[in-house]
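This report refers to the structure that appears directly beneath it.
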Number of protein chains: 2
Amino acid sequence: MNTPSENSATLTKRLIDSGLRPTAQREVVFKVILEKRDHPTADEIFARVKSQMPTISLATVYNCLETLVQCQLIRQVNLERAPTRYCPNLHQHAHFHDETTGQIHDIDLPIELVAQLHHVLPAGFIASSVELTFRGDAAGTAQPTVPADCAPTLNNPHGTN
Amino acid sequence: MNTPSENSATLTKRLIDSGLRPTAQREVVFKVILEKRDHPTADEIFARVKSQMPTISLATVYNCLETLVQCQLIRQVNLERAPTRYCPNLHQHAHFHDETTGQIHDIDLPIELVAQLHHVLPAGFIASSVELTFRGDAAGTAQPTVPADCAPTLNNPHGTN
DNA sequence: AAAGAGTTTAGAATTATTCTAAATCCTTGT
DNA sequence: ACAAGGATTTAGAATAATTCTAAACTCTTT
Ligand SMILES: [Mn+2]
Ligand SMILES: [Mn+2]
Ligand SMILES: [Zn+2]
Ligand SMILES: [Zn+2]
């Protein structure tokens, strides 16, 4: 959607505008989130980042994620009580949680539907944000993926991929 | 909305239909949730139940809550990563989280709006449930309530109510 | 180069929830 | 009534995602 160097420039600008520093850790965390729009968890991001920057710590990943969220470069996504996921899609969108594959899909929301949603609120209720989540089954998305992380399971007895 | 004895009868029926026993603990947990539709947490429910049944344990409250959810007598409500809340309103409804008071309000959803929500899904996506949450400010709901639980805070320095 | 703020880091702490295993309770068959 | 057996409750330990702490490090500014 944007070139890597454009994204990096945006990051730098946003950080400096907020009085924060554009560090290598913040760059790489942002980059891996943009690389694959699959709503990864902090742990997954940690794993991906470590391959490029083996010395980074999990605490730093959490710190960077918090910073990126505050700078509005990514969004947090919470489903039930599962670990928080992170989403680089800043457009108004809903999430579809495929219960069979575990995948999370972005669903575009027509702007007029969002307006309608606000109309269900009684007088005096002013919503600053709306969150819409579907749960169900998305056909075509094929085989249940073994989670990247991968403890041993019935169909993956050695915990490998 | 229903008399206490009707609710109790419903509970008993549902439990027995599921091969479970209608115990005093399940009764009292269900009762306190119905008494005040304020989306309490497990801890809050524990506190309320203890006044009627001082020997109940927190583990039992969690067990009962899980049972009641499975029997579809109450629903879980998760907001961000805050402790899970429980809701006895079984109608299709959205939640409005008032950020200034912390209160959670039920918002009725017109059935045709729910239908429209499903129409934003691409072909092949079948949603078994939809969840809609607003966050913002509800006017008129008056003073910020000190949480029932109550650690000491600036406007409640002794942690009492 | 020194100072100082901002950042990263490892590891400890927190906390809602789940798990474990023993005690208790209920139902059912005799 | 009694015993057996499963269901439930219970206290406490365990779990796990996240946050906190304090020391080390880095970058910018003087
Ligand atoms: Mn599928
Ligand atoms: Mn208000
Ligand atoms: Zn998304
Ligand atoms: Zn509700």
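Residue numbers begin at 1 in each chain, while the letters A, B, ... track the order of the sequences. Nothing here was measured: the structure is a model prediction, and the numbers come from that model.
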When the distance from CD1 of Ile16(A) to P of dG6(C) is rounded to whole Å, what number comes out?
14 Å

Taking only N and O in the side chain of Thr23(B), is any of them less than 4.0 Å away from OP1 or OP2 of dT9(D)?
yes

same_hphob_cluster(Leu79(A), Phe134(B)) at 4.5 Å side-chain heavy-atom cutoff
no

With sequence neighbours excluded, tell me which residues meet salt bridge (Lys or Arg N to Asp or Glu O under 4.0 Å) with Asp38(B).
Lys36(B), Arg48(B)

Atom CG of Leu68(A) and atom C1' of dT7(C) are separated, to the nearest Å, by 14 Å

Answer whether the closest heavy-atom distance between the side chains of His105(A) and Pro122(B) falls below 4.5 Å.
no

Below 3.5 Å between N/O atoms, which protein atoms pair up with nucleotides 21-24 of chain C? Just atom names and distances, please.
none

Comparing Thr41(B) and Pro22(B) on DNA chain C - which has the more 5′ nearest nucleotide:
Thr41(B)

Nearest whole Å is fine: how far is dT15(D) P from Asp43(A) CG?
16 Å

Flag for Thr41(B)-Asp43(B): side-chain donor and acceptor within less than 3.5 Å:
no

Between dA16(D) (P) and Phe46(A) (CZ): distance, integer Å:
17 Å

If the condition is side chain to side chain donor-acceptor pair (under 3.5 Å), which residues does Asn78(A) pass it with, not counting sequence neighbours?
Thr84(A)

Students often mix this up, so state it plainly: with edges at 30° and 60°, are the rings of His39(B) and His93(B) parallel, tilted or perpendicular?
tilted

Please give the angle, rounded to 10 degrees, between the axes at the start and the end of the helix from dA1(C)-dT30(D) to dT30(C)-dA1(D), where five pairs define each axis.
10°

Measuring only between side-chain heavy atoms, which start at C-beta, is Tyr86(B) closer than 4.5 Å to Leu65(B)?
yes

Is it the case that one hydrophobic cluster holds both Ile33(B) and Leu58(B), taking links as side-chain heavy atoms less than 4.5 Å apart, direct or via other members?
yes

By the salt bridge (charged side-chain N to carboxylate O under 4.0 Å, His left out) test, which pairs, at least two apart or in different chains, include something from residues 78-88 of chain A?
Glu44(A)-Arg85(A), Glu80(A)-Arg135(A)

Can you name the atoms? Protein N/O to nucleotides 9-14 of chain C N/O, anything below 3.5 Å, with the distance.
residue	atom	partner	partner atom	Å
dT9(C)	OP1	Thr55(A)	O	3.3
dT9(C)	OP2	Ser57(A)	N	3.3
dT9(C)	OP2	Thr60(A)	OG1	2.6

Rounded to the nearest Å, what distance is computed from the CD atom of residue Gln70(B) to the P atom of nucleotide dT8(D)?
11 Å

pair Leu117(A)-Leu117(B): side-chain heavy atoms closer than 4.5 Å:
yes

In whole angstrom, what separates Glu66(B)'s CD from dA16(C)'s P?
18 Å

Kindly give the atom pairs (protein nitrogen or oxygen, nucleotide nitrogen or oxygen) under 3.5 Å for nucleotides 2-6 of chain D.
residue	atom	partner	partner atom	Å
dG6(D)	N2	Arg21(B)	NH1	2.9

Rounded interatomic separation in angstrom, taking CG from Leu65(B) and P from dT8(D)
15 Å

Interface with DNA chain C, restricted to residues 74-88 of chain B and to heavy atoms under 4.0 Å
Pro83(B), Thr84(B)

Take atom CZ of Arg26(B) and atom C1' of dT10(D), then tell me their distance rounded to the nearest Å.
14 Å

Without hydrogens or angle criteria, can the side chains of His95(A) and Asp106(A) be said to hold a donor-acceptor pair below 3.5 Å?
yes

Go through the structure and list residues passing side chain to side chain donor-acceptor pair (under 3.5 Å) with Lys50(A), not counting sequence neighbours.
none

Those residues that, when tested against Glu27(A), pass side chain to side chain donor-acceptor pair (under 3.5 Å) (two or more places apart)
Ser8(A)

Enumerate the side chain to side chain donor-acceptor pair (under 3.5 Å) contacts for residues 56-66 of chain A, please, sequence neighbours excluded, ordered by first and then second residue.
Ser57(A)-Thr60(A)

What pairs with Ile16(A) under side-chain contact (heavy atoms from CB on, under 4.5 Å), at least two apart in sequence or on another chain?
Thr12(A), Pro22(A)

Does CG belonging to Leu90(A) count more than 12 external heavy atoms closer than 6.0 Å?
yes

